[in-house]
**Q** 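My questions all concern the structure below.
Throughout, protein chains are lettered first and strands after them, A, B, ... in sequence-line order, and every chain is numbered starting at 1. FYI, side chains are in, hydrogens and waters are out, and symmetry mates aren't considered; it's all heavy atoms of this structure.
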Amino acid sequence: MPELPEVETVRRGLQPVMEGARITKVEQRRADLRFPFPAGFSDRLNGRYITALARRAKYLLVHLDDGAVLISHLGMSGSFRIEEGGVSARPGAFQHPRSKEERHDHVVFHLERRETGLARVIYNDPRRFGFMALAEAADLQSHPLLAGLGVEPTGNALDGALLAGLLAGKRAPLKAALMDQRVVAGLGNIYVCEALWRAGLSPRRTAASLAGTGGRATERSKRLAEAIRIVINEAVAAGGSSLRDYVQADGSLGYFQHRFNVYDRAGEPCRKEGCSGIIRRIVQGGRSTFHCPVCQR
DNA sequence: ACTACTCCCTGCCAGC
DNA sequence: TGCTGGCAGGGAGTAG
């Protein structure tokens with residue numbers, strides 16, 4: 001499911017429910033998701049207070065009062081939902097038949113809160129590409145899952161010069177390089193396609209073509225860095241993208257999908273002003289890439 | 001150190 | 001109605 005904007009939206013949805021709450025019980029309904037749960041997973045969480053909900057790249061980070069950190073990745077199809085007072089927080093329109101919904105509920109966090117009482121936060125993941133791990137806050141940044149991650153595209157760190165340096169020497173297609181979490185952390189298939197369109201750059205051009213010393217390369221890397229930041233920030237502001245039946249933790253839908261310029265628009269006209277191109281779907285690295293062959297060069 | 005490719009898993013949809 | 005194949009927001013592992 002989620003790229004950075006969706007994970008950030010999940011984080012914001014869970015924050016008011018989880019921060020400050022005590023975990024009274026963790027129901028772990030299977031031994032593994034993509035990977036086995038760490039040994040003693042639920043025991044380590046039981047009784048702990050949640051001090052903060054954070055995010056790094058596509059990872060959700062649940063900080064606990066004893067210095068432990070629950071690292072959660074949603075894979076392709078993971079989602080959290082909140083249930084309070086025994087009733088789902090999801091609006092009726094998205095209510096699946098109970099049995100179908102619950103079949104892929106893999107972890108249930110039972111929470112107790114001073115002000116607002118009991119709640120459950122439920123992790124559901126049909127494809128089980130998601131996973132959970134435990135770390136210590138003191139060495140969170142050096143944890144194997146997080147250590148190699150690249151620059152966050154939110155914030156001010158990502159600029160043309162930095163991006164050019166990251167892409168230098170790479171003969172891979174620009175699309176593939178941007179999908180690599182060690183370069184820019186948190187981008188996925190949708191937002192890479194959207195950012196390349198916004199920057200007017202072909203997904204097939206080599207990554208290194210943005211890293212040269214010439215004025216052209218400098219101008220391209222600057223354009224792309226700006227495009228990435230704008231697309232990601234706009235998507236976060238829109239609450240992410242809701243494909244298929246994906247909903248946020250509080251049951252509402254993101255709406256960035258209505259602003260896609262290329263993703264899933266094969267055969268439709270390019271929306272760039274003055275461009276007469278038709279959006280095409282190609283396959284790179286086994287994944288769909290959507291682009292305009294006319295204005296993306 | 002790169003790059004390319006396969007695989008993990010379930011659900012959904014188009015086409016027959 | 002089925003069935004089949006292809007596709008899906010990710011990324012680890014392996015081989016070259």
**Q** Between atom CD in A:Gln257 and atom P in C:dA8, what is the gap in whole Å?
**A**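 For the pair A:Gln257 CD and C:dA8 P, the rounded distance is 17 Å.
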
**Q** Taking OP1 and OP2 of C:dG9, is either one under 4.0 Å from a side-chain nitrogen or oxygen of A:Tyr263?
**A**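 Yes, because at least one side-chain N or O of A:Tyr263 sits under 4.0 Å from OP1 or OP2 of C:dG9.
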
**Q** Would you call A:Arg81-A:Asp105 a salt bridge at under 4.0 Å N-O?
**A**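 Looking at A:Arg81 and A:Asp105, the cut-off is met.
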
**Q** Can you tell me if A:Ser288 touches the phosphate of C:dA8, counting only side-chain N or O atoms and a distance under 4.0 Å to OP1 or OP2?
**A**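 Looking at the OP1 and OP2 atoms of C:dA8, one of them is under 4.0 Å from a side-chain N or O of A:Ser288.
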
**Q** Give the minimum heavy-atom separation between A:Ser209 and A:Arg220, together with the two atoms involved.
**A**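 That closest heavy-atom pairing would be O-NH1, 4.0 Å.
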
**Q** For A:Gly254, is there any backbone N or O sitting under 3.5 Å from a side-chain donor or acceptor partner on A:Ser242?
**A**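 Indeed, once roles are kept as given, a pair shorter than 3.5 Å links the two residues.
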
**Q** Between P on C:dG9 and CG on A:Leu187, what's the gap in Å once rounded to a whole number?
**A**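 Rounding to the nearest Å, CG of A:Leu187 and P of C:dG9 are 14 Å apart.
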
**Q** Looking only at atom types and distance, does a side-chain atom of A:Glu268 sit under 3.5 Å from a main-chain N or O of A:Ile279, one as donor and one as acceptor?
**A**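 Judged by distance alone, no pair lies under 3.5 Å.
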
**Q** Main chain of A:Tyr59, side chain of A:Arg55: is a donor-acceptor contact present, judged purely on distance under 3.5 Å?
**A**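 Pair absent, no side-chain N/O of A:Arg55 close to backbone of A:Tyr59.
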
**Q** Tell me whether A:Phe129 and C:dG10 count as stacked here, given that the ring centres must be under 5.5 Å apart and the planes must differ by less than 30 degrees.
**A**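 The ring of A:Phe129 is stacked on C:dG10.
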
**Q** Describe the nucleic acid contact of A:Gly286 in one word from base, sugar-phosphate, nothing, applying a heavy-atom distance below 4.0 Å.
**A**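 Contact class for A:Gly286: none.
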
**Q** Establish, with yes or no, whether the OP1 or OP2 oxygen of C:dG10 is under 4.0 angstrom from a side-chain nitrogen or oxygen of A:His73.
**A**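 It does not, given that no N or O in the side chain of A:His73 lies less than 4.0 Å from OP1 or OP2 of C:dG10.
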
**Q** Are any protein N/O atoms closer than 3.5 Å to N/O atoms in nucleotides 12-16 of chain C? If there are, list each pair with its distance.
**A**
residue: C:dA12; atom: O4'; partner: A:Arg34; partner atom: NH2; Å: 2.9

**Q** Without decimals, in angstroms, what is the distance between A:Arg127 CZ and C:dC7 P?
**A**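 Value for this atom pair: 13 Å.
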
**Q** State whether a side-chain donor-acceptor pair under 3.5 Å links A:Gln284 with A:Thr289.
**A**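 Yes, a side-chain donor-acceptor pair sits under 3.5 Å.
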
**Q** In this structure, how many angstroms lie between the C1' atom of B:dC7 and the CG atom of A:Leu33, rounded?
**A**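 Checked: the CG to C1' distance equals 17 Å.
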
**Q** Holding to salt bridge (Lys or Arg N to Asp or Glu O under 4.0 Å), I want the full list of residues that pass it with A:Arg198, two or more places apart in sequence or in another chain.
**A**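 If we apply the salt bridge (Lys or Arg N to Asp or Glu O under 4.0 Å) test to A:Arg198, skipping adjacent residues, the hits are A:Glu234.
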
**Q** Separation of A:Leu74 atom CG from C:dG9 atom C1', in whole Å?
**A**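 Checked: the CG to C1' distance equals 10 Å.
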
**Q** I'd like to check the side chain to side chain donor-acceptor pair (under 3.5 Å) partners of A:Arg29; sequence neighbours left out, ordered by chain and number.
**A**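 Counting only residues at least two positions away or on another chain, A:Arg29 forms a side chain to side chain donor-acceptor pair (under 3.5 Å) with A:Glu27.
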
**Q** Could you tell me whether a side-chain N or O of A:Arg30 sits under 3.5 Å from a main-chain N or O of A:Asp32, the two making a donor and an acceptor?
**A**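 Yes: the side chain of A:Arg30 pairs with the backbone of A:Asp32.
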
**Q** Find the distance A:Lys175:NZ to C:dG11:P and express it as a whole number of Å.
**A**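 The answer, rounded to whole Å, is 13 Å.
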
**Q** Please report the distance separating the P of C:dT14 from the corresponding atom of B:dC9, rounded so that it comes out in whole Å.
**A**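 Result for the P pair: 16 Å, nearest Å.
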
**Q** Looking at A:Phe256 versus A:Tyr263, is the centre-to-centre ring distance below 6.0 Å?
**A**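 For A:Phe256 and A:Tyr263, the ring centres are not under 6.0 Å apart.
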
**Q** Under 4.0 Å between a side-chain N/O of A:His104 and OP1 or OP2 of B:dG11, yes or no?
**A**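 Affirmative; the distance criterion is met.
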
**Q** Does A:His63 reach the side chain of A:Leu61, with side-chain heavy atoms less than 4.5 Å apart?
**A**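 A side-chain contact under 4.5 Å exists here.
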
**Q** Between A:Gln181 and C:dG11, is there a side-chain N or O to OP1/OP2 distance below 4.0 Å?
**A**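 A:Gln181 to C:dG11 OP1/OP2: side-chain N or O found under 4.0 Å.
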
**Q** Once you round it to whole Å, what is the distance between C1' of C:dA8 and CE of A:Met179?
**A**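 Atom CE in A:Met179 sits about 12 Å away from atom C1' in C:dA8.
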
**Q** Using the side chain to side chain donor-acceptor pair (under 3.5 Å) criterion, which residues pair with A:Asp139? Sequence neighbours excluded.
**A**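 For A:Asp139, no residue satisfies side chain to side chain donor-acceptor pair (under 3.5 Å) once neighbours in sequence are set aside.
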
**Q** Would you tabulate the nitrogen or oxygen pairs shorter than 3.5 Å linking the protein to nucleotides 3-5 of chain B?
**A**
residue: B:dT3; atom: OP1; partner: A:Arg171; partner atom: N; Å: 2.7
residue: B:dT3; atom: OP1; partner: A:Ala172; partner atom: N; Å: 2.8

**Q** What is the separation between atom CZ on A:Arg128 and atom C1' on B:dC9, rounded to the nearest whole Å?
**A**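 Spelled out: CZ on A:Arg128 to C1' on B:dC9 is 6 Å.
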
**Q** Within a strict 4.5 Å, meaning less than it, do heavy atoms of the A:Leu74 and A:Ser79 side chains meet?
**A**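 The answer is no; the side chains never approach within 4.5 Å.
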
**Q** Between A:Arg287 and A:Val283, which is nearer to the 5' end of DNA chain C once each is assigned its nearest nucleotide?
**A**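 So the residue in question is A:Val283.
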
**Q** Represent DNA chain C in dot-bracket notation, 5' to 3'. Only Watson-Crick or G-U wobble pairs with both distances under 3.5 Å count; pseudoknot-style crossings use [ ] and interstrand partners use |.
**A** .|||||||.|||||||

**Q** Closer than 4.0 Å, any side-chain N/O of A:Lys58 to the OP1 or OP2 of C:dG10?
**A**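 So the side-chain polar atoms of A:Lys58 do come within 4.0 Å of the phosphate oxygens OP1 or OP2 of C:dG10, strictly under.
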
**Q** Would you indicate which nucleotide in C:dG9, B:dT10, C:dG11 comes nearest to any side-chain atom of A:Glu3?
**A**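 Of all the options, the side chain of A:Glu3 is nearest to C:dG9.
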
**Q** Select one nucleotide: of B:dG11, C:dG10, C:dA8, the one nearest the side-chain heavy atoms of A:Pro126.
**A**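 My answer, after comparing the listed nucleotides, is B:dG11.
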
